[in-house]
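First comes the structure, then the notes that go with it.
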Amino acid sequence: MTQRTIHWFRKGLRLHDNPALLAACENASHLYPVFFLDPHFVKGDNYRVGVNRWRFLLECLRDLDCGLRKLNSRLYVVKGRPQDMLPLLFREWCVTRLTFEVDTEPFARHRDREVEGVAAAHGVEVVTRVSHTLFDVEKTIAKNGGSPPLTYQGFQKLLSKLGLPARPVDTLCKAHLQDCETPVADDHEDRYGVPSLADLGKEETECGPRLYPGGETEAVERMERHLKKTNWICKFEKPQTSPNSLEPSTTVLSPYLKFGCLSARTFYYRLLDVYRLNKVHTQPPVSLHGQLLWREFFYTAALGTSNFDRMKDNPVCVQVQWDSNPQYLAAWKQGRTGYPFIDAIMTQLRQEGWIHHLARHSVACFLTRGDLWLSWEEGQKVFEEYLLDADWSINAGNWMWLSASAFFHQYFRVYSPVAFGKKTDKNGDYIK
DNA sequence: CCTAATGTTGACAGC
DNA sequence: CGCTGTCAACATTAG
């Protein structure tokens with residue numbers, strides 16, 4: 001028991017199925033769970049995070065802190081870039097090991113390379129584990145000869161060679177920490193407490209209704225609630241769910257999967273249990289397993305494609321002369337297009353932070369190839385700001401899909417901004 | 001080199 | 001209500 005370990009939470013804001021966190025406890029004399037509030041996200045000029053998203057993240061952190069308290073530990077929330085702050089913590093706590101979950105996004109990869117350099121300079125061992133995705137995305141791409149599949153069928157064929165995802169690991173519990181100290185200072189709350197929205201300079205009053213509280217506790221409860229509906233699980237077909245029902249017609253587990261409050265592997269295996277008991281069930285791409293595979297599909301495509309979040313220098317993206325029209329863009333963003341279905345969706349997005357997948361299709365098609373002929377990159381930024389589940393790879397991938405820039409090319413299949421909504425809401429209740 | 005088939009979930013008329 | 005063909009003809013890939 002000689003290792004003095006920092007476990008760095010980034011995504012993966014959970015105690016269940018968190019292999020890097022378990023690795024942090026192995027042979028550890030001391031464990032310090034840390035989250036950095038990176039000014040890149042707090043103040044970022046070219047990176048907008050809406051207030052609903054901030055609230056969701058802070059709730060995730062509070063829930064994580066709560067879970068750690070039950071294990072006689074606390075979450076250390078540190079303000080500053082990890083590259084700058086880790087050396088101070090390494091010295092203060094005499095750290096010998098740093099653990100964290102693998103993150104495949106370009107921003108994270110660049111940051112983590114710098115952090116590895118910082119750790120090496122301080123003689124700190126770095127231990128990483130894959131648990132955000134079902135598979136090790138780098139290995140998936142390697143298995144396909146170095147480039148990612150660009151069709152879902154191709155992706156499924158590739159996955160069939162990989163077998164099942166790795167099973168989830170044990171939830172962190174007191175047994176993992178029995179010989180490990182989890183120091184908490186008297187002034188912990190002041191120095192390292194989870195901040196409030198006001199602490200971050202955000203206005204609580206700007207938040208919408210709290211329909212989807214953040215955190216692992218809420219994530220697991222939400223999953224369990226849906227898993228009980230075995231018939232619903234087995235018959236689930238995404239295209240048959242409604243984009244404009246008054247209550248969500250799908251699980252709304254996406255915000256929790258994005259932050260890693262819920263492990264994709266845990267959800268995958270819990271679904272598999274239900275499927276095995278019922279024998280007859282829907283299949284990918286439309287099934288719930290299929291939805292997790294879509295997530296994996298876009299994570300894989302994003303890691304294997306340069307400049308995945310823009311048109312320029314993106315090898316999979318069709319080059320289009322999009323218009324530039326700030327008035328149209330503002331009207332779309334603010335729900336003032338004059339098309340009630342489109343405007344209702346954009347209003348729900350800004351107020352509630354979640355809209356149905358097909359509602360995203362509708363407004364994305366409208367903004368790009370369908371009606372306004374504006375760049376999908378503009379839409380991507382708006383979703384990034386407002387969606388609680390805004391997930392870099394999936395957001396970029398779906399915007400290219402809907403604008404017929406990549407993956408999907410039948411640009412003449414256009415969603416009607418009037419007729420499409422009518423199919424599932426004849427009275428216009430959603431709009432009203 | 002060419003052709004034909006293929007691609008998660010369009011709208012609409014007509015049967 | 002559910003199915004089929006048409007609309008017009010994309011990018012990509014298998015053969």
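Within the 4.0 Å cut-off from OP1 or OP2 of B/dA11, not a single side-chain nitrogen or oxygen of A/Lys422 is found.
Taking only side-chain atoms of A/Val318, from C-beta outward, the nucleotide of C/dA11, B/dG10, B/dT8 with the closest atom is C/dA11. Residue A/Phe420 has its side chain nearest to B/dA11 when only B/dT8, B/dA11, C/dC10 are considered. Closest to the side chain of A/Pro285, out of B/dG10, C/dA11, B/dT8, is B/dT8. When each of C/dA9, B/dA11, C/dA11 is scored by its nearest atom to the side-chain atoms of A/His409, the top-ranked nucleotide is C/dA11. You'll find that the side chain of A/Lys423 is closest to B/dA11, out of B/dA11, B/dT8, B/dG7.
Side-chain atoms of A/Asn52 come within 3.5 Å of backbone atoms of A/Gln351 as a donor-acceptor pair (strictly under, hydrogens ignored).
Atom name P, nucleotides C/dC7 and B/dG7: the rounded distance is 23 Å, in whole Å. Taking the P atom of each, C/dA8 and B/dG14 are spaced 16 Å apart, rounded to whole Å. The C1' atoms of C/dA14 and B/dC1 are separated by 14 Å, rounded to the nearest whole Å.
Between the P atom of B/dA11 and the CG atom of A/Asp371 lies a distance of 12 Å, rounded to the nearest Å. In this structure, A/Leu150 atom CG and C/dA11 atom P are separated by 15 Å, rounded to whole Å. As rounded to whole Å, 10 Å separates atom C1' of C/dA9 from atom CD of A/Gln410. A/Arg413 places its CZ atom 15 Å from the P atom of C/dA11, with the value rounded to the nearest Å. Between the C1' atom of C/dT12 and the CH2 atom of A/Trp401 lies a distance of 13 Å, rounded to the nearest Å. Between the CZ atom of A/Arg369 and the P atom of C/dA8 there is a distance of 17 Å, given to the nearest Å. When rounded to the nearest whole Å, the span between CG of A/Leu292 and P of B/dT8 equals 18 Å. The distance from atom CZ of A/Phe412 to atom P of B/dG10 is 11 Å, rounded to the nearest whole Å.
A donor-acceptor pair shorter than 3.5 Å cannot be found between the side chains of A/His289 and A/Tyr275. For the 3.5 Å distance criterion, the side chains of A/Glu101 and A/Ser131 qualify, holding a donor opposite an acceptor. No side-chain donor from either of A/His16 and A/Arg265 sits under 3.5 Å from a side-chain acceptor of the other.
Under the Watson-Crick or G-U wobble criterion, with both distances below 3.5 Å, B/dC15 is paired with C/dG2. Shown here, C/dA8 forms no base pair; nothing in the strands shown gives a Watson-Crick or G-U wobble contact with both key distances under 3.5 Å.
If you check every strand for non-hydrogen atoms under 4.0 Å, A/Phe407 touches nothing. Counting any heavy atom pair closer than 4.0 Å across all strands shown, A/Ala419 reaches sugar-phosphate atoms only and no base atom. Here A/Gln153 lies in heavy-atom contact (under 4.0 Å) with sugar-phosphate atoms only.
Within a 6.0 Å radius of CZ in A/Phe135, more than 12 heavy atoms belonging to other residues, nucleotides or ligands are found.
Looking at A/Trp294, its side chain comes within 3.5 Å of the base of B/dT8 through a donor and an acceptor atom.
Under a 4.0 Å N-O distance rule, the pair A/Arg53/A/Glu384 qualifies as a salt bridge.
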